[in-house]
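Notes follow the structure.
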Amino acid sequence: MNRKLIAMVTSVVAVSACCEQEVQTQMYDGRPMDEIISSLTLEQKVNIVMGTRRGDSNPPEEAPGMPARHFHDPIEDISQGRIKGAAADGYAIDSLHIPSVIYADGPAGLRIAPLREDDPHTYYCTAFPTGTSLAASWNTVSVRQIASAIGEEVKEYGVDILLAPALNIHRNPLCGRNFEYYSEDPFLAGEIAAAYTEGVQSNGVGVSLKHFAVNNQETLRNGVDAQLTERALREIYLKGFERAVRKAHPWSIMTSYNKINGILASEHEWLLNDVLRGEWGFDGVVMTDWWAEENGARQQAAGNDLLMPGTQRQYDEIFEGLQDGTLTEAQLDRNVANILSMIEKTPSFKGYKFSNEPDLEGHAKLSRYQASQGIVLLENDDKALPLAEGSRVAIFGNAGYDTYVGGTGSGNVNRKYTVCIDEGLRDAGYSVYEPLIEAYRIYIDTQKKLHEAASFWALPEIGEKPVARAEADRAAAENDILVMVLSRMAGEGGDRELRKGDWYLTDVEQENMKTILASAHAAGKKAVLLFNMGSVVELDWGDADFFDAVLHVWLPGQEAGNAVADVLSGKVSPSGKLPFTWARKYADYPSASNFPLSPDSDRAVRYEEDIYVGYRYFDKHDTEVLYPFGHGLSYADFEYGELSVKKSKTGLEVALNIKNTGEHTGQEVVQIYVSVPESVHDRPVKELKAFAKTKSLAPGEECVVNIHIPEEDLAIFDETVKAWVINDGVYKVHAASSSADVRCSVEFKR
Ligand code: BGC
């Protein structure tokens, strides 16, 4: 077979780029970098490669045998630092014009403290939709826009580096931070992360792409060993990072807490130097995740430039490492140079006078629009939606009145307000059934008092109020439609659990669903189900009567209710598509038997499914799923025209016509999958290689979608030669509306 090794070409390019960088004189503040570095004392250098060392104490053991680390409590941290509530400050040397740079979370919007002592001004930030919702929009244009708004808040509140975007792969639906992450597919994840990075950085502030890499669970996150093949690593777990790095040039990247094949990510020299810098040409700063520490000297030697927020132990280890040869001063200088080069780009360095007045009103509108772009219409039998104007709506479910906006942990945003679903519908002119508003208000208030106050790591779990048949019958009689909201919270620090109330529905939830459906249908009314969560639950309903319309609204940010109303009313036709596969049963997921740990290990997880994550697995094994990757309906109907695929000098030029043949205006997400030649024996049936979201098409309107697929995107990582290889043979290109709904395919020979 004739194959093209492209990794070799890549590494040649990378080597020459490195050499070029070395001969160029690096500057800092107009002075040669080596002059600045040689004027620093060793202590100053060591201070520069770490944050200002907050929260030093005796680190507790996270779990028996796990490396020690601090469980930082940001509530405690917010009293420290130049910008209250930011995650860390850098070290300043005034005489050398090195300012203290400010680092703050996070992916759904800037996270700083909203209130300051003796200060009447407030510092609220906009809560945007969380990661899954952004990815579900498949809209890189709107993601770039909201990220630009986040970047403006970063800059105007005096922060330099945003600790986002987060793009680890949805390997398993129970990962507690899936809400912050994008997808099971690295192409989609990488494209969204690139758009996000470009948006934030267009303001002259930086991002920190996280968590690099293979950080797919929270259980024993500080040291769990992810064991996988280089192919799975390259094709699935690094691919998204690679796209974002090559395309959007993030200022920094954050290593993860876990090990990868036995080596901690923050001490992984091959990953950080050979792959990230050497092959991909990354020229920014590599920082650790917070309090990720095993050995400061080894982290420094591996090319992990910045230790965050830094501990006394790491400080001492660096000096010891310089003594015992674990670390050389040249390596330390290299890291200092990387950090100084980044500092030079920051608003703090430039003396930017921030206003503390970002455009919160304008950003709220963007947040609302983005949330509506991400909502996925999973079912819409007999055109149950959109709702007729002025309909009377009865809402069941706690989250109808106390809507979840984001997850817990460092991804939480201190926002000024939340528009809940009931409020959004009322504001859109619907009459929301009063008896239920009152009943849920009393129920939620009472339940909240019974539970402990919310903490950084978790919110109290409030079970659903049982719905009596008579109550549902009355609601059905007095309203035009019944809406039920099912919710789940998740967050940093823990994975979701295989129990009722988390992955499984509770008995009350199941009973409520049956009751609401029975009452609605007996009265000849429609029933709508909304999922307000960052991931999914098991919903194997069989053939029983089900809701007429089902929507996933995610954790949609502070404008939640308005965005939901926009979609339910038809003001915005739903155009989101699932960024992962929703399997029928937990056991159907290929990682189920190796999550969060492999059965025979208390600290390692074998990625036995290899590259077969999500639809790559379900396609290959022909497993029936509840909803496939990329699925999402619209109020409009789209007709796919003929698919044209032409080879060009740099890859493939794909074009096709999309026509709205329905009665509503709408947008379609066209997905382009490619099947590599059948002669490649170990390969997924097809893989996502491109996508495009059309503009809003009015009924009868059509547009041509043009897509370029670079030739190197056809490569697979060949373990036998340890290189990316483009195989010759017959390829198939598919234009699809979801991974299970291929509309047209074309073959081409290479
Ligand atoms: C999280 C990071 C976050 C950092 C700073 C860590 O616990 O894993 O995502 O950016 O804290 O708050």
Side-chain angles (χ1 to χ4, degrees), residues 50-55 59-60 62 66-78 80-81 83-90 101-113 125 130-131 150 154 159-168 175-182 193 196-197 200 206-224 241 250-258 264-266 285-293 304 306-311 406-414 455-458 490-495 534:
M50 53 179 61
T52 49
R53 283 184 274 158
R54 288 183 189 174
E62 185 179 332
M66 285 290 116
R69 80 171 280 259
H70 302 270
F71 257 124
H72 75 293
D73 180 356
I75 306 302
E76 205 175 86
D77 286 349
I78 58 175
Q80 308 178 40
I83 304 294
K84 199 175 168 194
D89 303 38
V101 162
I102 307 289
Y103 303 80
D105 286 304
L110 178 64
R111 199 180 111 74
I112 56 171
C125 298
T130 64
I150 295 174
V154 170
V159 173
D160 298 289
I161 308 290
L162 180 75
L163 305 173
L167 67 147
N168 295 99
C175 170
R177 293 184 87 171
N178 274 356
F179 75 94
E180 285 183 272
Y181 303 151
Y182 296 134
Y196 188 111
T197 300
V200 171
V207 300
S208 189
L209 223 56
K210 67 189 187 184
H211 309 88
F212 190 61
V214 208
N215 186 176
N216 305 107
Q217 63 188 64
E218 290 296 283
T219 306
L220 299 185
R221 67 172 178 168
N222 182 40
V224 66
F241 285 98
W251 289 11
S252 69
I253 196 161
M254 186 191 294
T255 48
S256 50
Y257 294 119
N258 53 284
L264 282 171
S266 63
V285 165
V286 177
M287 68 179 72
T288 62
D289 199 346
W290 265 232
W291 287 282
E293 55 177 349
N304 200 125
L306 188 57
L307 312 183
M308 283 307 220
T311 65
T408 59
S410 60
N412 180 40
V413 179
N414 295 312
S455 78
F456 176 68
W457 299 104
E492 184 181 346
D495 287 316

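We count ligands from 1, going down the list as the structure has it; atoms in each ligand are counted the same way. Nothing fancy with the numbering, it's 1 onward along the sequence.
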- Message: Going by side chain to side chain donor-acceptor pair (under 3.5 Å), name the residues that satisfy it together with Thr197, two or more places apart in sequence or in a different chain.
- Response: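 Here no residue qualifies.
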Which of the ligand 1 atoms, numbered from 1, are nearer than 4.0 Å to a heavy atom of [X]:
{"X": "His211", "result": "2 (C), 8 (O), 9 (O)"}
{"X": "Met254", "result": "10 (O)"}
{"X": "Glu492", "result": "1 (C), 6 (C), 7 (O), 8 (O)"}
{"X": "Lys210", "result": "2 (C), 3 (C), 9 (O), 10 (O)"}
{"X": "Tyr257", "result": "6 (C), 7 (O), 8 (O)"}

- Message: So for Tyr103, does at least one of its heavy atoms come nearer than 4.0 angstrom to any atom of ligand 1?
- Response: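 No, Tyr103 has no heavy atoms under 4.0 Å from ligand 1.
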- Message: When you measure from the heavy atoms of Arg221 to every atom of ligand 1, does any distance fall below 4.0 Å?
- Response: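 Flag set, Arg221 near ligand 1.
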Report the distance from atom [atom1] of [X] to atom [atom2] of [Y], rounding to the nearest 0.5 Å.
{"X": "Ile253", "Y": "Leu209", "atom1": "CD1", "atom2": "CG", "answer": "5.0 Å"}
{"X": "Tyr181", "Y": "Thr130", "atom1": "OH", "atom2": "OG1", "answer": "12.5 Å"}
{"X": "Asn222", "Y": "Trp291", "atom1": "CG", "atom2": "CH2", "answer": "12.5 Å"}
{"X": "Asn412", "Y": "Glu180", "atom1": "CG", "atom2": "CD", "answer": "10.0 Å"}

- Asn168, Thr288, Asn216, Asn258 screened by side chain to side chain donor-acceptor pair (under 3.5 Å) with His211, the one that passes: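 The passing option is Asn168.
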- For Thr255, the option from Asn215, Asn304, Asp289 that meets side chain to side chain donor-acceptor pair (under 3.5 Å):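 For Thr255, the side chain to side chain donor-acceptor pair (under 3.5 Å) test succeeds with only one of Asn215, Asn304, Asp289, which is Asn304.
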Please state which part of [X] comes within less than 4.0 Å of ligand 1, counting heavy atoms only: side chain, backbone, both or neither.
{"X": "Met308", "result": "neither"}
{"X": "Arg111", "result": "neither"}
{"X": "Arg177", "result": "side chain"}

